[in-house]
Amino acid sequence: MNTPDRIKAAALDLFASQGYEGTSMANIAEAVGIKTPSIYAHFKGKEELFLSVLQDASRGELEFAASHLEAGVEALDRKLYKLLSHTRGKYEHNGSTKFWIRMMYFPPASVYRETIDLSYTYLSRMEELLTSVFTEDRSAIGVDPDKAAAAFLCLMDGVIVELLYGTAESYDKRLEASWDVYWRGISHL
């Protein structure tokens with residue numbers, strides 16, 4: 001792994017566990033095994049490094065969703081449900097997912113605007129992806145694909161809040177209850 005990638009990997013781990021404000025460039029340098037000034041040969045500063053890591057995390061989450069939703073011949077309801085249920089496992093075991101979710105909901109003050117802009121770009125792309133999936137499987141739903149996609153994002157937001165404030169059990173409980181209502185609301189019964 002080259003030095004910029006090692007710096008970004010260490011920064012990701014530290015930003016995910018300690019937050020933006022709790023992570024210093026010295027912490028990152030120590031984790032990589034380099035001197036702090038060496039980071040500046042690759043990144044102008046902490047903000048640029050943070051935004052680079054955030055962009056990578058966003059891209060990874062979009063790629064995961066696309067590969068999951070576009071793969072195989074599984075029924076639409078199962079694909080969507082699995083996307084939501086896999087989110088908990090990814091949050092618990094994948095530093096990039098944990099970092100991305102935390103930063104979407106709690107953006108650092110010094111990079112607030114950039115973080116929010118990236119979050120809205122992510123949400124727009126997710127909505128486009130979902131709308132496309134719903135349009136391709138139009139016979140499975142009884143509502144407009146745009147509405148089904150927007151409602152799915154609201155459902156996703158709601159269960160993600162359980163990851164941030166609740167427990168694994170509360171996440172599963174909320175997902176089960178809300179999924180049933182959501183799918184019955186958009187599908188042809």
Could you tell me whether the side chain of [X] and the main chain of [Y] form a donor-acceptor pair under 3.5 Å?
X	Y	value
N27	S24	yes
R138	V143	yes
T87	L83	yes
S38	I34	no
K46	Y20	yes

- Task: Show the numbers, then the answer: is there a side-chain contact (heavy atoms from CB on, under 4.5 Å) between F50 and F99?
- Result: CA-CA 11 Å; F50 173 84; F99 168 69; 3.6 Å; yes

- Task: State, without any angle test, whether Y105 and D157 hold a side-chain donor-acceptor pair at a distance under 3.5 Å.
- Result: yes

Taking all non-hydrogen atoms of both residues, which atom of [X] and which atom of [Y] are closest, and how far apart?
X	Y	result
A29	K35	CB-C, 3.8 Å
L153	L123	CD1-O, 3.9 Å
R6	V32	NH2-O, 2.9 Å
I160	Y171	N-CE1, 4.4 Å

- Item | Spatial distance of atom NZ (K44) from atom OG (S52) [nearest 0.5 Å] | 12.5 Å

- Query: To the nearest 0.5 Å, what is the distance between CG (D56) and NZ (K8)?
  - Reply: 3.5 Å

- Check ring-ring contact (aromatic ring centres under 6.0 Å, His included) between H68 and all other residues, then give those that pass, not counting sequence neighbours. F64, H86

- Is Y112 reachable from L164 through a run of I, L, V, M, F, W or Y residues, each pair having side-chain heavy atoms under 4.5 Å apart?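 They do share one cluster, since a chain of ILVMFWY contacts under 4.5 Å joins L164 to Y112.
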
Identify whether the distance between the nearest side-chain nitrogen and carboxylate oxygen of [X] and [Y] falls below 4.0 Å.
X	Y	value
E74	K82	yes
E162	R174	yes
K173	E169	no

- Message: If you count every heavy atom of other residues, nucleotides or ligands that lies below 6.0 Å from E30 atom CD, does the total exceed 12?
- Response: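 Not buried by this count: 12 neighbours or fewer within 6.0 Å.
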
- Message: Would you say CZ of R125 has more than 12 non-hydrogen atoms from neighbouring residues, nucleotides or ligands within 6.0 angstrom?
- Response: no

- Using the six-membered ring wherever Trp is involved, compare the ring planes of W179 and W183 and label them parallel, tilted or perpendicular (cut-offs 30° and 60°). parallel

